[in-house]
Amino acid sequence: MRKQHTLPPYLIVVVILFAAALLSVAVGSVSIPLNTLGNVIVSALQQKPAALDPNGVYLKIITDLRLPHMLLLMLVGAALAGSGGAYQGLFRNPLADPFLIGISSGAGLGAVIAMLIKSPYTPAGLMRVPLAAFAGGVVTVFIVTMLARVGRTVPTTNLILAGVAVSSFTSALTSGLMIQSMGEVRRALVWLMGGSMMTGWQPLLGLLPYMVVGLGGLVLIGHPLNVLQFGEEQAAQLGINVQRARWITILLATLSTAAAVAFTGIIGFVGLVVPHIIRLVWGSDYRRLIPLSMLGGASMLLLSDVVARTIIAPQEVPVGIVTALLGAPFFLWILKRSKAQNYW
Amino acid sequence: MLEINSISAGYGNKPILRDVSLHLEAGCVLALIGPNGCGKTTFIRAVSGVLPLQSGEVRIQGHDVTRMPPQQRARMVSVVPQARSIPAAFTAEEVVAMGRTPHLNWLGKISAHDQEVIDEALEKMDLLHLRERTVNELSGGEQQRLFLARSLAQESPLLLMDEPTTHLDLQYQVNLMQRVYQLAHPLKTADSINVKPHTVVITLHDLNLISSYADLVGLMVNGRLVSLGRPAEVLQSDLLSQAYNLPLRVIHEQGLTLVAPGDLPENITG
């Protein structure tokens with residue numbers, strides 16, 4: 001069972017994540033040199049003033065802005081990639097990405113509806129948007145799978161076509177709603193492209209409960225997803241309660257996606273690219289694929305965000321644009337590859 | 001061991017399987033034969049619990065399996081499907097380990113005992129040396145043995161096989177049927193004294209393998225079990241000719257019962 005590789009995969013992705021996290025904290029409108037960053041972190045841990053940061057400016061930038069921003073991105077990246085991996089396992093389809101199959105847009109519609117109803121900027125108030133996004137996402141999954149299903153299978157083309165159609169429909173509704181509320185349009189538009197993230201620690205606290213449930217649950221469903229790779233009938237004959245496993249997977253993956261969308265807008269392709277690379281390198285055992293994808297997704301989003309903040313600095317590009325620029329060509333490559341050889 | 005009492009099953013309102021009953025003792029191979037569409041696959045699906053029964057009941061060792069939750073049922077009955085439908089990215093050992101699913105919890109953690117069962121199943125099917133290979137690196141015959149090994153890992157007393165020989169060449173067909181026969185009739189050696197014989201129901205198209213490897217034959221026509229008995233009793237030219245709607249003759253040769261088209265070529269052309 002590829003036992004000989006058990007340690008290295010986690011080690012590799014954690015090292016990458018650590019590097020991405022350092023970069024994410026260091027880079028921005030005010031760049032912090034790495035030696036200063038190290039000095040500030042070490043001193044803060046020892047609760048001493050830092051020699052290279054006499055006024056504590058860097059420390060304030062790090063703790064008030066960069067750190068919560070980094071943690072938010074990590075959770076969102078983990079959620080997108082983890083749920084992407086889970087959808088791919090559930091639909092037995094390498095192109096099932098929460099963005100491509102329309103779940104992100106459905107969640108976005110739910111979130112926009114909730115945003116138009118004013119909520120206070122507190123963790124409790126901020127938790128309403130993800131709930132509405134979750135509802136939007138769940139409804140979308142069912143519409144898309146219903147449209148795409150042929151007998152007992154969900155063919156790739158159908159899934160993507162249904163995803164695109166439903167996604168266009170919900171996006172149109174979302175745009176309509178945003179135009180209705182003129183004042184909010186620009187902010188919401190940027191949000192929708194995965195642009196302006198909410199800052200500070202409050203959003204992080206609002207996001208956390210969903211992520212604990214969603215990501216924690218996804219890590220635990222690897223075994224039933226493995227068995228489901230044989231098809232629903234064989235999975236049932238191997239003792240899996242297929243209906244229950246499907247439901248749990250859909251709810252957990254959609255919860256994670258919806259929470260991510262609610263706090264950072266629609267960021268595509270992370271859920272496609274990361275699980276795919278993990279699968280190519282370390283195989284399709286979902287017990288490992290999902291947690292590795294989460295760590296990888298966190299890294300990818302952090303790095304994309306660094307690019308987004310620096311490429312035309314001082315202006316920031318929405319991070320969703322960066323992931324799309326990276327992910328869309330990747331998507332086409334997978335599409336061509338999966339036609340050429342039916343390796344799935 | 002297996003009691004099937006007048007089961008009917010099908011899709012929508014149309015019953016495909018009609019009022020089928022049969023009783024099997026432990027340690028026997030039943031070959032199910034019949035023309036395409038006669039209900040053999042529906043029978044396998046109904047007995048394995050994935051197709052709900054419209055009426056009747058299936059009991060294994062006295063337990064009503066159709067009303068069991070999937071996990072409990074999968075400890076009583078396992079299914080060996082046709083090769084070709086294995087996810088290519090898993091290794092042989094991973095596939096066999098999935099057979100332990102009915103004995104594992106939600107997390108699928110493999111215990112030392114589970115690992116023993118997996119190794120034993122791989123060994124029985126001569127797959128130990130291929131355990132690290134991924135499925136797409138295996139031949140058709142090896143894949144079919146892999147499915148059988150997965151079923152063995154389930155440790156279920158009843159094994160259902162749905163046309164396992166269809167995509168195999170003659171060498172692999174015979175090899176597989178020998179293994180199936182041995183599962184139902186384990187050799188009595190000192191270290192296998194506790195090996196419990198499996199009961200096997202296997203659907204087949206090749207009628208000539210039957211007399212060598214099956215204890216009983218069931219002939220199905222239009223969803224009904226029209227004949228059940230020893231190979232020599234069921235493989236009769238009039239019964240088969242009628243079932244397959246084709247003149248067939250039955251040849252008895254050195255203890256084998258063979259079936260061939262009834263008309264000689266010159267009769268057809270003449």
Side-chain angles (χ1 to χ4, degrees), chain A residues 1-6 88-89 91-94 151-153 216-246 248-249 252 275-276 278-291 338 341-344, chain B residues 11 41 44-45 47-52 65 68-82 84-110 115 118 131-136 147 150-151 153-154 156 159-160 162:
Chain A
M1 316 192 92
R2 299 189 183 89
K3 268 176 203 146
Q4 67 273 25
H5 302 306
T6 306
Q88 287 164 21
F91 295 125
R92 293 198 291 152
N93 192 319
R152 275 177 284 151
T153 60
L218 284 176
V219 168
L220 301 180
I221 58 166
H223 175 62
L225 278 179
N226 278 343
V227 182
L228 275 171
Q229 300 316 299
F230 290 92
E232 291 185 10
E233 180 153 329
Q234 286 188 44
Q237 288 162 343
L238 285 166
I240 295 287
N241 185 334
V242 173
Q243 285 310 316
R244 194 175 64 185
R246 283 182 69 94
I248 291 175
T249 308
L252 289 172
H276 214 85
I278 302 284
R279 184 178 290 114
L280 280 179
V281 180
W282 289 300
S284 349
D285 184 341
Y286 282 86
R287 286 173 298 177
R288 191 172 49 202
L289 183 124
I290 289 182
S338 59
Q341 50 162 328
N342 197 2
Y343 78 103
W344 189 255
Chain B
Y11 309 93
T41 298
I44 299 280
R45 300 188 70 220
V47 175
S48 71
V50 294
L51 184 67
V65 289
M68 279 180 183
Q71 187 168 30
Q72 232 179 314
R73 187 170 56 223
R75 290 180 206 156
M76 306 299 292
V77 47
S78 63
V79 180
V80 181
Q82 290 183 21
R84 297 196 302 181
S85 55
I86 320 181
F90 288 121
T91 63
E93 183 170 355
E94 283 169 336
V95 171
V96 177
M98 306 271 188
R100 291 306 290 165
T101 302
H103 305 273
L104 304 176
N105 66 10
W106 183 258
L107 291 176
K109 185 109 179 74
I110 301 269
Q115 192 58 51
I118 292 164
R131 66 197 301 162
E132 299 287 334
R133 298 272 185 90
T134 56
V135 166
N136 51 0
F147 266 139
R150 192 187 72 179
S151 276
Q154 263 178 270
S156 64
L159 249 141
L160 305 175
D162 191 10

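Reminder, nothing fancy here: chain letters follow the sequence lines and each chain counts from 1. Values in this document were obtained by computation on a predicted structure and should not be read as measured data. In what follows, every heavy atom counts, from backbone to side chain, and hydrogens, waters and symmetry copies are set aside.
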query = Checking heavy atoms, do the side chain of B/Val135, its backbone, both or neither come under 4.5 Å from chain A?
reply = neither
note = Output for pair (A/Glu233 CD, B/Ile44 CD1), nearest 0.5 Å, gives 10.5 Å
task = Measure distances from B/Arg150 to the heavy atoms of chain A and classify the residue's part below 4.5 Å as side chain, backbone, both or neither.
result = side chain
message = Heavy-atom cut-off 4.5 Å, strictly under: side chain, backbone, both or neither for A/Ile248 against chain B?
response = side chain
Return all side-chain donor-acceptor pairs below 3.5 angstrom for residues 235-245 of chain A, not counting sequence neighbours, or 'none' if the list is empty.
| residue | atom | partner | partner atom | Å |
| --- | --- | --- | --- | --- |
| A/Gln237 | NE2 | B/Ser48 | OG | 3.0 |
| A/Asn241 | OD1 | A/Arg244 | N | 3.3 |

request  = Measure the spacing between CD of A/Gln229 and CE of B/Met98 and express it to the nearest 0.5 Å.
outcome  = 8.0 Å
remark   = Applying a strict 4.5 Å limit to non-hydrogen atoms, the region of B/Leu104 in contact with chain A is side chain
message = If the condition is side-chain contact (heavy atoms from CB on, under 4.5 Å), which residues does B/Leu107 pass it with, not counting sequence neighbours?
response = A/Leu220, B/Asn105
B/Trp106 versus A/His223, closest heavy-atom pair with distance = O-CB, 3.5 Å
